[in-house]
Amino acid sequence: MLTLYIKDGCPYCIRVLGSLKNIGVAFETKNIADDAVAGELVKRGGKRQVPYLVDPERNVEMYESEDIVKYLEDHYEETAK
């Protein structure tokens, strides 16, 4: 299952969340307002920046909302429908 690290009120996170919902793929969110989750994110990606997508099925992890939306469209849009 995909995991998306987010922060409340982040417009870039909202963009990626909208894309995930439109595509209809299953995902979970982790909010970096929780210090333990923020630490986990820094350990994974090296910085406290959101959104951050983790796709364990394809062994892909990435920052940048534009890149994440493109990745989701390229790899999940057709399979989710």
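Note: hydrogens, waters and symmetry copies are ignored here, and every other heavy atom, side chains too, is used.
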Any residue meeting side-chain contact (heavy atoms from CB on, under 4.5 Å) with Y63, in chain and number order, not counting sequence neighbours
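In terms of side-chain contact (heavy atoms from CB on, under 4.5 Å), with neighbours along the sequence ignored, Y63 is linked to L41, K47, Q49, Y52.
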Which residues pass the side-chain contact (heavy atoms from CB on, under 4.5 Å) test with D34, sequence neighbours left out?
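A36, V37.
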Using side-chain heavy atoms (C-beta onward) and a distance below 4.5 Å, is Y71 in contact with V60?
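Answer yes - side chains close enough.
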Can you list, by chain and residue number, the hydrophobic cluster partners of I14 when the side-chain cut-off is 4.5 Å?
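Same cluster as I14: nobody, lone residue.
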For residues 6-30, which residue pairs qualify under salt bridge (charged side-chain N to carboxylate O under 4.0 Å, His left out), counting only residues two or more places apart or in two chains?
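Matches after skipping sequence neighbours: K30-E40.
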So which pairs with a foot in residues 51-69 pass salt bridge (charged side-chain N to carboxylate O under 4.0 Å, His left out), sequence neighbours left out?
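Only R44-E61, D55-R58 qualify under salt bridge (charged side-chain N to carboxylate O under 4.0 Å, His left out).
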Can you name the closest pair of heavy atoms from C13 and P51 and give their distance?
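Heavy-atom minimum between the residues: SG-N, 3.8 Å.
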Measuring from atom CG of L4 to atom OG1 of T29, what distance do you get when rounded to the nearest 0.5 angstrom?
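Nearest 0.5 Å value for the CG-OG1 distance: 7.0 Å.
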Between CD1 on residue I68 and CG on residue L2, distance to nearest 0.5 Å:
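One finds 10.5 Å between CD1 of I68 and CG of L2.
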With sequence neighbours excluded, tell me which residues meet side-chain hydrogen bond (donor to acceptor under 3.5 Å, both in side chains) with D74.
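With sequence neighbours excluded, D74 shows a side-chain hydrogen bond (donor to acceptor under 3.5 Å, both in side chains) to K70, given in chain and number order.
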Are I6 and Y12 co-members of a hydrophobic cluster defined by side-chain heavy atoms under 4.5 Å apart?
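Different clusters: Y12 never reaches I6 through Ile, Leu, Val, Met, Phe, Trp or Tyr contacts under 4.5 Å.
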Quick check: is Y76 connected to M62 through a chain of hydrophobic side chains (ILVMFWY, heavy atoms under 4.5 Å apart)?
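Yes; tracing contacts between hydrophobic side chains, which count when under 4.5 Å, links both residues.
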Check L53, N31, V54 against Y5 for a side chain to side chain contact (heavy atoms under 4.5 Å, CB included) and give me the one that passes.
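So, applying the side chain to side chain contact (heavy atoms under 4.5 Å, CB included) to Y5 and each of L53, N31, V54, only V54 qualifies.
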